[in-house]
Amino acid sequence: MVVVRRRWFQAPWEFRESALFTAVSVIAGFIIQVAASGRGIAMPHLPFNAIALSVLAVLVLSTGLAFKNTHAVKWFGGIPLGLCLILAIALLSLIGGIIPQQPVAKESLPVLLGLNQIFSSWPFAVTVLLFLANLGISLSWKLIPFKPQNLQFILFHAGFWIALSCAVVGSSDLQRFVVPINVGKANNLGYTMESETPQHLPLSIYLHDFSLEEYPPQLLLYDPHNDKLMMNKAQAILEVRTGTTASWQGIEVLVLDYLPYALPGKDGVPQSADRKTGIPFAKVRIITPSTQREAWISTGSPMLKPDAAQLDGFYLIMMPGTPKSFRSAVTIQDEQGHETNANLEVNHPVSFMGWKLYQMGYDEKAGRWSKLSLIEVIHDPWLPAVYLGFFMIMAGNILFFWNGIKRREVVK
Amino acid sequence: MIMNFNTAAELAIVCWAIGSLLSLLANRTPALKLPAFLLSIAGALVMAGFIAFYWSALDRPPLRTLGETRLWYAALIPLVGFLVEYRWKIGGLKYYCMALATFLLSINMLHPEVFDKTLMPALQSPWFIPHVVVYLVGYVLLAASSVTALHNVYLQLRKQENSTGESVSHFLALLGFVFLSFGLIFGALWAKEAWGHYWTWDPKETWAFLSWLAYLGYLHAFRYKIDKSKLQWYLALAFVVLLVCWFGVNYLPSAQNSVHTYTQS
């Protein structure tokens with residue numbers, strides 16, 4: 001076979017032209033970024049972004065179909081350009097995966113190029129736009145005329161097109177607010193990540209109660225001379241329960257009694273108390289080579305000093321357990337008078353009139369006694385479109401998997 | 001508890017070592033084939049049994065720390081080796097797989113982890129297990145794909161004909177990609193419920209996206225007229241991106257604010 005080396009720009013175009021085109025586009029993106037003095041791209045809001053996206057979709061699909069047989073469009077919707085654009089997106093994401101992505105006040109070249117906010121920068125936007133065009137054109141060829149064997153291709157590629165475009169274009173309509181509320185109060189002011197001035201929300205939240213459940217407290221041996229915690233022999237986090245045993249070099253500890261909610265009694269013996277005020281107490285027997293004794297230890301609280309047991313220059317202490325769950329009992333109300341009661345908990349958000357409410361945080365210094373709950377309120381009108389894309393990708397993937405295990409292709 | 005891990009790990013490693021030895025000897029003495037297979041698979045079953053036992057002792061799925069994920073890989077990677085042998089009659093991969101599993105268990109034996117039952121509220125989700133397990137399976141398939149590709153490269157350099165090997169590395173990558181896609185989307189759906197948004201360019205997300213793109217690129221290059229034997233280099237190296245995503249992210253400057261850093265104990 002005679003191999004004839006293709007000259008630059010000799011039709012049909014392939015990888016060289018695609019790589020050059022991609023590189024020029026990314027560089028152009030960086031130039032626009034610098035010209036805009038480091039400000040990223042500003043996406044229009046609804047309905048303008050939806051109109052623009054529809055125009056793009058129609059334009060791409062009709063170009064793909066109308067000029068199906070021209071070299072330029074064939075190249076523009078082909079795999080070589082697609083691969084180069086995937087590589088460009090990967091390289092830009094690589095920057096975002098290494099450099100911390102956060103606003104920086106200082107002026108410098110990386111900041112001017114938008115490297116610290118790469119995913120809202122011009123080069124990223126330009127690459128994604130070209131990628132959508134490339135993907136859309138290749139999709140148009142498989143869509144029309146429709147053939148059942150193209151279903152996997154269509155579901156995967158159309159799903160990716162919809163999810164990517166709607167996530168990017170819809171990012172301007174995403175509203176996220178943090179609403180801090182104290183128990184027994186209502187609030188309709190929300191804070192965004194960017195500004196310190198609160199905004200009025202179309203809904204108000206009344207906080208009836210905030211409650212936090214902890215894992216059992218932990219038993220630890222503290223070395224004050226070296227300011228460090230000693231690891232026990234079993235290499236385990238020691239959850240305090242009646243009967244828990246622990247051993248360190250030469251020290252044996254047995255938990256004789258455990259009261260999860262108690263308060264100090266008059267004679268020094270803790271008495272069980274209610275959940276709201278009580279703190280964990282444990283009666284421990286400590287055995288060292290020379291002595292054996294018993295003592296009550298406690299985790300303490302913002303109101304009570306913790307009790308530790310001193311032994312041979314060490315302290316046996318009890319640390320409050322980490323949070324297991326926390327929830328806010330709230331009443332949500334909008335301006336039209338709609339009202340609902342709900343329990344907000346991590347991983348259990350609540351929907352209300354197009355908004356979604358999340359249990360976000362609390363006053364961590366006060367822990368179990370926090371009177372403050374942070375609720376995040378989110379409105380994302382583009383979510384159903386993005387999810388449609390996700391489910392199409394997954395459906396396409398199931399077909400891909402099925403064909404993959406069914407058909408054994410031999411590499412030629 | 002930790003004592004039990006060492007016993008289980010040592011037992012598994014001994015099974016794999018004797019199994020591999022017998023399997024090598026089976027080339028001359030075919031009667032050894034069955035005991036070799038049974039011993040090798042017993043090693044993986046020991047690990048699977050230990051995971052089940054550990055799960056019930058922890059009262060939570062052991063998927064939270066890096067060390068816990070290594071347990072799963074140690075149980076699953078050899079199984080892929082056996083599957084490839086069964087499906088494509090390629091016996092070499094299982095030795096790599098058992099060696100890799102032994103290596104992962106050795107890390108856990110050298111760095112015993114703190115036995116901790118707690119699970120932070122954000123991880124208490126029905127998505128936790130599917131998200132991590134789908135990723136585990138994806139990683140296992142892609143690890144096997146990468147090892148096969150590396151072996152293919154070695155054979156190429158020695159100018160040996162090997163089209164089955166190239167077909168195996170391709171199919172493992174294809175199946176692995178499907179699992180990566182599911183893991184990525186499950187993660188997005190979970191993130192929406194737990195953190196309020198499906199995509200926030202958290203460093204781990206960015207790297208998961210990057211590794212997904214790496215294999216997306218591979219599949220398109222494969223479909224296009226690119227020399228299949230050159231793509232073996234690509235497949236062998238693509239796994240490096242996955243390794244960065246699995247544990248390398250923790251060491252990158254961008255990881256300061258990640259919600260995904262595994263608990264370091």
Side-chain angles (χ1 to χ4, degrees), chain A residues 78-80 82-83 86-87 89-90 93-94 96-102 118-119 156 163 167 174 176 215-216 231 234-237 239 321-326 345-349 356 358-360 376 378 380 383 386-387 390-391 393-394 396-398 400-401 404-405 408-412, chain B residues 1-3 88 112-127 163-164 166-167 170-171 174-175 177-179 181-182 185 188-190 192-199 201 203 206-207 209-210 213-214 216-217 220-224 228-229 244 249 252-257:
Chain A
I79 286 186
L83 264 174
I86 288 175
L87 182 70
I89 293 179
S93 303
L94 184 66
I98 293 174
I99 297 176
Q101 297 294 297
Q102 57 209 11
I118 198 81
F119 301 111
F156 185 86
L174 174 71
R176 302 182 74 156
Y215 281 102
M231 186 42 75
Q235 292 264 351
I237 301 266
E239 287 190 353
T322 49
K324 187 178 187 179
S325 64
F326 45 98
E345 202 178 331
V346 178
N347 267 313
H348 298 282
K356 230 169 173 184
Y358 294 80
Q359 174 68 61
M360 189 190 183
E376 190 167 27
I378 297 178
D380 185 4
L383 189 69
V386 176
Y387 273 23
F390 283 170
F391 286 109
I393 295 176
M394 289 199 280
N397 255 323
I398 290 171
F400 196 41
F401 183 80
I405 50 173
R408 185 184 163 185
E409 290 171 67
V410 176
V411 184
K412 292 185 190 86
Chain B
M1 186 91 289
I2 304 307
M3 256 66 102
W88 285 288
E113 290 206 313
V114 173
F115 181 74
D116 184 358
K117 291 182 165 187
T118 61
L119 197 59
M120 59 185 280
L123 294 186
Q124 298 164 16
S125 160
W127 286 111
S163 71
T164 334
E166 289 177 2
S167 164
H170 170 71
F171 271 96
L174 187 158
L175 298 180
F177 173 79
V178 170
F179 279 88
S181 309
F182 275 104
I185 293 179
L189 296 176
W190 176 12
K192 178 69 194 167
E193 292 306 295
W195 287 279
H197 197 45
Y198 52 87
W199 198 264
W201 294 110
T206 307
W207 279 94
F209 180 61
L210 267 169
L213 284 181
L216 186 74
H220 284 86
F222 180 87
R223 279 268 157 256
Y224 202 68
K228 304 292 182 279
S229 53
V244 175
V249 170
L252 290 173
S254 54
Q256 298 151 6
N257 310 316

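This is a predicted model, so every value here is computed, not measured.
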Toward chain B, the part of Glu345(A) with a non-hydrogen atom under 4.5 Å: neither
Which atoms form the tightest heavy-atom contact between Phe222(B) and Lys228(B), and what is the distance? O-NZ, 3.2 Å
Measure distances from Lys356(A) to the heavy atoms of chain B and classify the residue's part below 4.5 Å as side chain, backbone, both or neither. side chain
Proximity breakdown for Asn397(A) and chain B, heavy-atom pairs closer than 4.5 Å: both
Gap between atom OH of Tyr358(A) and atom CZ of Arg176(A) - 0.5 Å precision: 8.0 Å
Among Ile378(A), Ile98(A), Ile86(A), single out the residue with the greatest number of heavy-atom pairs under 4.5 Å to chain B. Ile98(A)
Top residue by heavy-atom pair count (under 4.5 Å) with chain B, among Lys324(A), His348(A), Gln359(A)? Lys324(A)
Chain B contact via Leu94(A) - which portion, at a heavy-atom distance below 4.5 Å: both
Among Gly78(A), Gly97(A), Pro80(A), which residue has the highest count of heavy-atom pairs closer than 4.5 Å to chain B? Gly97(A)
Can you check whether Ile118(A)'s main-chain N or O pairs, donor with acceptor, with Gln101(A)'s side chain at less than 3.5 Å? yes
Toward chain A, the part of Leu210(B) with a non-hydrogen atom under 4.5 Å: side chain
dist Phe179(B):CZ -> Phe177(B):CZ (nearest 0.5 Å) comes out at 13.0 Å
For the candidates Thr206(B), Val244(B), Leu123(B), which exhibits the highest count of non-hydrogen atom pairs separated by less than 4.5 Å from chain A? Thr206(B)
Chain B heavy atoms under 4.5 Å from Ala163(A): which part of the residue, side chain, backbone, both or neither? neither
Heavy-atom donor-acceptor pair, Tyr215(A) side chain to Leu119(B) backbone, under 3.5 Å: yes
Need one label for Leu87(A): side chain, backbone, both or neither, based on atoms under 4.5 Å from any heavy atom in chain B. neither
Nearest-0.5 Å distance, NE2 of residue His220(B) to CG of residue Leu213(B): 11.0 Å
Which value, rounded to the nearest 0.5 Å, describes the distance between Asp380(A) atom CG and Tyr387(A) atom OH? 9.0 Å
Distance, nearest 0.5 Å, that separates CG of Asn347(A) from OG of Ser325(A): 11.5 Å
With a 4.5 Å cut-off on heavy-atom pairs, point out which of Pro216(A), Ser93(A), Gly82(A) contacts chain B the most. Ser93(A)
Check step by step if side-chain contact (heavy atoms from CB on, under 4.5 Å) holds for Leu189(B) and Glu193(B). CA-CA 7 Å; Leu189(B) 296 176; Glu193(B) 292 306 295; over 6 Å; no
The interface call for Leu83(A) against chain B, heavy-atom contacts under 4.5 Å, is side chain
